[in-house]
Amino acid sequence: MLPIDAAAHSSRWRRRHPGEKAVLGFGLTALAVCLPPWPGAPLVAAATLAVLLGPAGVTPRQLWRAWRIPLGFCVTGAVPLLFQVGAEGGLVTLAPGGPDAAGQLLLRTSAASLGVLLFAFTTPVSDVLPRLVRAGVPAPVVDVALVMYRISFLLLDSVRRIREAQAARLGLTTRAATWRSLAGLGATAFVRAFDRAARLQSGLAGRGYDGTLRVLVPRTPVSRRFLGATGALLAGLVALTLVLERLLP
């Protein structure tokens with residue numbers, strides 16, 4: 001199991017309705033995208049961090065390990081805005097207004113990614129997918145997503161075991177041995193993926209699979225207090241951003 005999935009299953013908000021956490025997480029993400037990047041994005045990021053590290057109970061180490069990857073994509077996407085190609089000053093020159101555009105994009109995307117992580121850290125995928133059918137998503141689509149979610153963990157476990165076996169047999173001692181081990185790892189994982197899929201299909205057929213995976217979803221009441229607090233937080237961020245936008249240069 002991935003660390004973020006393990007954190008979601010042990011989250012303080014594990015028993016809350018996924019809709020409540022979706023309103024909070026994706027609401028913060030929408031504000032990060034729609035509000036002015038300054039001071040809106042820093043305010044949204046600060047509020048999201050406060051919720052993650054406070055009521056949600058996410059540790060700083062868990063948050064950094066999950067956030068560093070999307071943050072790297074945010075930085076990678078912002079860097080090209082700093083330059084322009086084919087201008088009069090040379091082949092590659094600093095773009096006019098490039099630092100401002102790159103900074104705004106970085107603020108928006110990094111704050112928005114925190115909102116998505118808030119939902120991911122508090123809501124397991126197994127709680128969300130079965131409820132999508134009630135929301136109007138076709139059942140076959142949800143079934144495929146559930147199967148792929150299960151197979152992904154099986155494949156990750158197989159890759160880990162193969163990697164450990166290769167390391168125990170000195171398959172990573174030299175560069176040439178490492179490349180051979182990587183080739184063997186890819187080939188073995190490919191074969192095992194088809195084997196897992198075939199066994200899963202046989203197991204479903206043996207259990208009378210008729211095109212729909214029926215999953216027992218526990219009833220979870222929607223907390224009006226939580227939704228009210230979420231609405232107050234989002235409205236407060238909007239109001240504070242508009243006020244500070246007029247006061248700050």
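Residues: numbered from 1 along the sequence shown. Note that the structure is predicted; figures quoted are calculated from it, not measured.
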Asks: Where do Thr29 and Leu114 land on the side-chain contact (heavy atoms from CB on, under 4.5 Å) test, with the steps shown first?
Replies: CA-CA 8 Å; Thr29 300; Leu114 282 174; over 6 Å; no

Asks: Does a side-chain heavy-atom distance below 4.5 Å link Arg16 with Ser223?
Replies: yes

Asks: Which heavy-atom pair separates Leu28 from Thr48 by the least distance, and what is that distance?
Replies: CD1-OG1, 3.4 Å

Asks: What is the distance from atom CG of Leu118 to atom CG of Leu24, rounded to the nearest 0.5 Å?
Replies: 5.0 Å

Asks: Can any side-chain N or O of Thr178 pair as donor or acceptor with the backbone N or O of Thr174 at less than 3.5 Å?
Replies: yes

Asks: Determine the minimum heavy-atom distance between Gly72 and Thr76, stating which atoms define it.
Replies: O-OG1, 2.8 Å

Asks: Please report the closest heavy-atom contact between Val44 and Ala32, naming both atoms and the distance.
Replies: CG1-CB, 4.0 Å

Asks: Quick one: closest heavy-atom pair of Arg14 and Lys21, and the distance?
Replies: O-NZ, 4.0 Å

Asks: Between atom CH2 of Trp38 and atom CG of Leu43, what is the distance when rounded to the nearest 0.5 Å?
Replies: 8.0 Å

Asks: So do Leu71 and Ser113 actually touch side chain to side chain, heavy atoms under 4.5 Å?
Replies: no

Asks: Using the rule that Ile, Leu, Val, Met, Phe, Trp and Tyr join whenever any side-chain heavy atoms are under 4.5 Å apart, tell me whether Trp13 and Leu63 fall into a single cluster.
Replies: yes

Asks: Which heavy-atom pair separates Leu233 from Ala47 by the least distance, and what is that distance?
Replies: CD1-CB, 4.4 Å

Asks: Are Leu105 and Leu82 co-members of a hydrophobic cluster defined by side-chain heavy atoms under 4.5 Å apart?
Replies: no

Asks: Please step through side-chain contact (heavy atoms from CB on, under 4.5 Å) for the pair Leu227 and Glu20, ending with a clear verdict.
Replies: CA-CA 6 Å; Leu227 292 178; Glu20 301 174 5; 4.3 Å; yes

Asks: With side chains defined as the heavy atoms from C-beta onward, is the minimum distance between Arg192 and Ile162 less than 4.5 Å?
Replies: yes

Asks: Look at the side chain of Ser110 and the backbone N and O of Leu107, then say whether any donor-acceptor pair between them is shorter than 3.5 Å.
Replies: yes

Asks: Got a donor-acceptor contact below 3.5 angstrom from the Arg12 side chain to the Ala56 backbone?
Replies: no

Asks: So, taking the atom named CD in Glu245 and the one named CG in Leu240, what distance separates them when rounded to the nearest 0.5 Å?
Replies: 11.5 Å

Asks: How long is the gap from CZ on Phe26 to CG on Leu31, to the nearest 0.5 Å?
Replies: 13.5 Å

Asks: Is Val191 reachable from Leu155 through a run of I, L, V, M, F, W or Y residues, each pair having side-chain heavy atoms under 4.5 Å apart?
Replies: no

Asks: Atom CZ of Arg65 and atom OG1 of Thr59: how far apart are they, to the nearest 0.5 Å?
Replies: 9.5 Å

Asks: For Pro36 versus Thr241, what's the shortest heavy-atom pair and its separation?
Replies: CD-CG2, 4.0 Å

Asks: Surrounding CZ of Arg61 (heavy atoms of other residues, nucleotides or ligands, distance under 6.0 Å), is the total greater than 12?
Replies: no

Asks: How about Phe121 and Trp67: are their ring centroids closer than 6.0 Å?
Replies: no

Asks: Does Trp64 share a hydrophobic cluster with Val51, counting links as ILVMFWY side-chain heavy atoms below 4.5 Å and allowing steps through other members?
Replies: yes

Asks: Distance from Arg163 atom CZ to Ser181 atom OG, nearest 0.5 Å?
Replies: 7.0 Å

Asks: Using the rule that two of Ile, Leu, Val, Met, Phe, Trp, Tyr join whenever any of their side-chain heavy atoms come within less than 4.5 Å, decide whether Leu234 and Phe226 are in one cluster.
Replies: yes

